[in-house]
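So you know, we letter chains A, B, ... as the sequences are listed, proteins then strands, and number each from 1. This structure is a prediction, so every number in the text was calculated from the model and none was measured.
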Amino acid sequence: MHMSNNDNLYAMRHSLAHITAAAVARLWPEAKFGVGPVVKDGFYYDIDIPNVTISSDDFAKIEAEMNKIIGEKQAFDKSEKQVDEAIKWAKDTKQPYKEELLNDLKRSGTTVASDLNAEELGTIAEDDGAVENVSFYTNGDFTDLCRGPHVANTGEVGAFKFLRVAGAYWRGKETNSQMQRLYGVAFSTKEELAHYLELQEQAKQRDHRKLGKELDLFVTSDLVGSGLPLFTPRGTVLREELTRYSNDLRQQYGFEKVWVPHITKTALYEKSGHQAKFGDELFLVKSQETSDEFVLKPMNCPHHTRIYASKPRSYRDLPVRYLETTTVYRDEKTGELGGLSRVRSITQDDSHVFCREDQIETEIGNLLVAAVDMYKAVDMNLRVRLSYRDENDTYLGDEKLWQSAQEQLKNAVVASKLDYFEEAGEAAFYGPKIDFMATDALSREHQLATVQLDFVQPSRFELEYAAEDGNKQTPVIIHCALLGSIERFLSVYIEHTGGKFPVWLAPEQMRIIQVKDSPQLNEFVDKILAVAKEYGVRATADRTNESVSKKIRSGEVMKLPYIVVVGEKELQSGVLTPRVRQDFAVHGRLEAAYPYENLISSIANETTSRVQKSSL
RNA sequence: GCCGCCUUAGCUCAGCUGGUUAGAGCAACUGUUUUGUAAACAGUAGGUCCCCGGUUCGAAUCCGGGAGGCGGCUCCA
């Protein structure tokens with residue numbers, strides 16, 4: 001039989017899942033099996049063993065048992081059973097999870113979660129209707145319900161390794177019992193497996209939590225709480241520089257900064273409709289002076305609508321554009337918090353445009369340009385998803401308005417020359433949107449920026465403007481965040497750069513290493529620092545009583561863009577030779593020498609032009 | 001929230017099955033050294049072994065509870 005490499009790898013991983021079950025069944029005969037699918041880079045198997053919890057200490061034992069089975073090169077025999085027969089098999093062998101799957105198969109021809117209504121099932125089922133027969137694979141004395149494909153025998157499964165075991169709800173539902181999910185990675189050859197593990201190790205090296213500590217960017221405190229990171233001076237420079245650029249990009253297009261308080265009466269969210277949606281994610285704030293009940297804001301749009309509604313608006317005033325980088329608070333489930341990617345204090349570079357229907361395209365166009373500029377500056381590739389509505393009737397707002405808006409969105413995207421794709425059914429219930437996917441240095445895609453149209457809040461808040469004919473009209477809101485959440489953006493960006501920030505973002509752009517302690521040198525270094533300050537370059541001097549080598553090392557470890565050793569030679573000549581960080585050192589750069597003021601003005605230039613690669 | 005693992009000095013980590021005053025490297029501090037492109041030398045200080053409770057003659061180590069961290073809880077016989 002001829003199989004492509006991919007098909008074969010798939011069959012191998014599938015077979016490994018099967019062998020995992022076989023090995024577990026040998027070790028714990030009472031084990032109940034759920035599903036054992038192939039996933040990215042490997043496979044897993046959901047297993048429930050009464051009164052036994054598998055830990056990573058058991059991996060060796062399970063792997064050994066699997067290797068026995070693999071060594072025996074048992075043939076995989078495929079057989080078919082009629083569904084009812086299969087259900088009887090599941091009952092006889094006491095496999096309740098398999099029984100549930102089989103019952104679903106019998107009923108609807110699919111194993112997709114059984115609590116969907118009939119209509120939904122109809123659209124999901126692969127072939128309309130119940131299946132007649134199901135397939136089984138047997139190796140040695142172990143038989144498992146499995147669609148396959150499998151390899152010919154247990155000896156042909158390549159290299160694998162268990163990485164972790166984790167709890168997983170049966171069929172992903174919180175109300176179901178929790179099973180143990182054994183995750184394995186698997187590849188055709190040992191070399192490929194080793195390569196994969198090596199890549200994992202590299203990713204670990206650039207983990208933003210590790211770098212956050214090493215580069216002194218942010219900290220957490222048990223006393224403050226989970227999911228509430230604190231930013232150090234260095235981390236704050238990153239936040240503020242990113243925010244400043246994100247704001248600048250929009251202020252070019254007439255956005256004005258506003259400010260709102262961080263707590264509000266719950267009435268605001270009752271009106272906006274967020275109360276129901278955010279419900280248990282709201283942090284409650286109780287007044288001790290009055291009987292007022294407040295909440296910490298989980299988003300900013302309702303507040304911004306209050307500013308819009310503070311006075312009558314004419315069609316001539318539109319678009320009204322508000323911009324605010326501010327923190328919102330959401331009480332995420334504690335188990336979902338982690339690093340900067342999932343936090344409870346979320347800072348958004350948020351903006352809202354209140355505009356007429358016919359202004360949507362232009363406004364979106366401007367925001368697209370801003371997004372492109374933003375992601376160019378942080379050196380990440382962007383593509384966008386146009387998320388439209390589908391035929392479902394869960395969407396709010398006039399259908400004609402949706403049509404026109406979706407067209408305008410698309411026109412703006414096409415004009416922006418962004419790489420895009422369209423997807424129906426991905427829209428928010430309140431309007432269509434553009435989701436930006438940014439690709440990082442490890443080829444992972446992240447959804448960061450969004451532009452969303454909103455037809456619902458304007459009417460809920462009874463926003464209006466006077467049209468040319470004097471009639472009251474309802475504006476449309478365009479929500480936009482370029483960075484999304486600054487915390488999440490940083491979690492991605494720190495890993496994207498591995499902590500090697502471009503000059504415009506580097507918390508410390510230049511460090512002077514003073515060779516020795518003398519009044520003349522002190523004076524010279526002071527002068528350099530003063531000039532740097534004048535140019536707005538973030539510079540420091542290392543005057544500690546340490547060897548030059550050691551001071552260079554500590555600068556390198558902090559991944560500083562420019563390190564400049566200043567001693568007698570420099571004092572005499574007034575000329576500096578910077579040591580340039582490897583990743584953007586240009587050939588010949590290290591030897592180049594500059595009068596100190598030139599060096600500093602060049603660095604200042606890189607800051608304002610936000611160029612990635614040095615061009616001194 | 002649920003399941004599993006983890007928490008020892010500022011950081012990274014040793015500490016075997018419960019048994020003397022809990023260790024190392026780096027960082028800090030003091031002194032010597034005044035240094036030329038990735039770690040000078042010597043010394044000093046630093047610990048409620050995450051917290052609370054229990055078992056025990058004895059707990060960093062075992063048990064229970066709590067806090068914090070990490071991996072998962074979508075990928076579908």
OP1 or OP2 of [N] versus the side-chain N and O atoms of [X]: is any pair under 4.0 Å?
X	N	answer
A:Arg342	B:G72	no
A:Arg209	B:C70	yes
A:Tyr44	B:C75	yes
A:Tyr169	B:C76	no
A:Ser226	B:G69	yes
A:Arg164	B:G72	yes
A:Ser547	B:A40	yes

*RNA chain B: A:Lys551 or A:Val39, which has the more 5' nearest nucleotide?*
A:Lys551

Categorize [X] for me: base, sugar-phosphate, or nothing, with a 4.0 angstrom heavy-atom threshold over every strand shown.
X	value
A:Val565	base
A:Ser135	base
A:Gly227	sugar-phosphate
A:Gly567	base
A:Gly225	nothing
A:Ala168	sugar-phosphate
A:Lys213	sugar-phosphate

Could you please name the option among [options] that lies closest to any side-chain atom of [X]?
X	options	result
A:Pro37	B:C76, B:C75, B:G71	B:C76
A:Arg579	B:A77, B:U34, B:A38	B:A38
A:Val557	B:A38, B:A77, B:G36	B:A38

Could you give the distance separating [M] and [N] at their [atom1] atoms, to the nearest angstrom?
N	M	atom1	result
B:C52	B:U74	C1'	39 Å
B:U33	B:G43	C1'	15 Å
B:A59	B:G15	C1'	14 Å
B:A67	B:U30	C1'	38 Å
B:U32	B:U37	P	25 Å
B:A42	B:C26	P	10 Å
B:C73	B:G18	P	37 Å

*In terms of side-chain geometry, is the basic nitrogen of A:Arg511 or A:Glu508 positioned less than 4.0 Å from the acidic oxygen of its partner?*
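Judged by the 4.0 Å cut-off on N to carboxylate O distance, A:Arg511 and A:Glu508 do form a salt bridge.
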
*A:Ser491 and A:Ser341: side-chain donor and acceptor closer than 3.5 Å?*
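Side chains of A:Ser491 and A:Ser341: no pair found under 3.5 Å.
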
*So, A:Glu100 versus A:Trp170: side-chain donor-acceptor pair below 3.5 Å or not?*
yes

*asked:* So that I know where these two stand, are A:Phe33 and A:Tyr97 an aromatic pair - ring centroids less than 6.0 Å apart?
replied: no

*Ring centroid separation A:Phe489 to A:His446 under 6.0 Å*: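 For A:Phe489 and A:His446, the ring centres are not under 6.0 Å apart.
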
_Suppose we call a contact any N or O donor and acceptor under 3.5 Å apart; does that hold for the side chain of A:Gln180 and the base of B:C3?_
no

*Check whether the side chain of A:Glu570 and the base of B:G36 form a donor-acceptor pair under 3.5 Å.*
yes

For [N], the Watson-Crick or wobble counterpart (both distances under 3.5 Å):
N	value
B:G36	none
B:G46	none
B:A27	none
B:C2	B:G72

*Evaluate side chain to side chain donor-acceptor pair (under 3.5 Å) for A:Asn522 paired with A:Asp517, printing each intermediate quantity in order.*
CA-CA 7 Å; A:Asn522 272 332; A:Asp517 188 24; 3.2 Å; yes

*asked:* Run A:Glu495 and A:Leu442 through side chain to side chain contact (heavy atoms under 4.5 Å, CB included) and show every step you take.
replied: CA-CA 8 Å; A:Glu495 297 184 8; A:Leu442 300 178; 5.6 Å; no

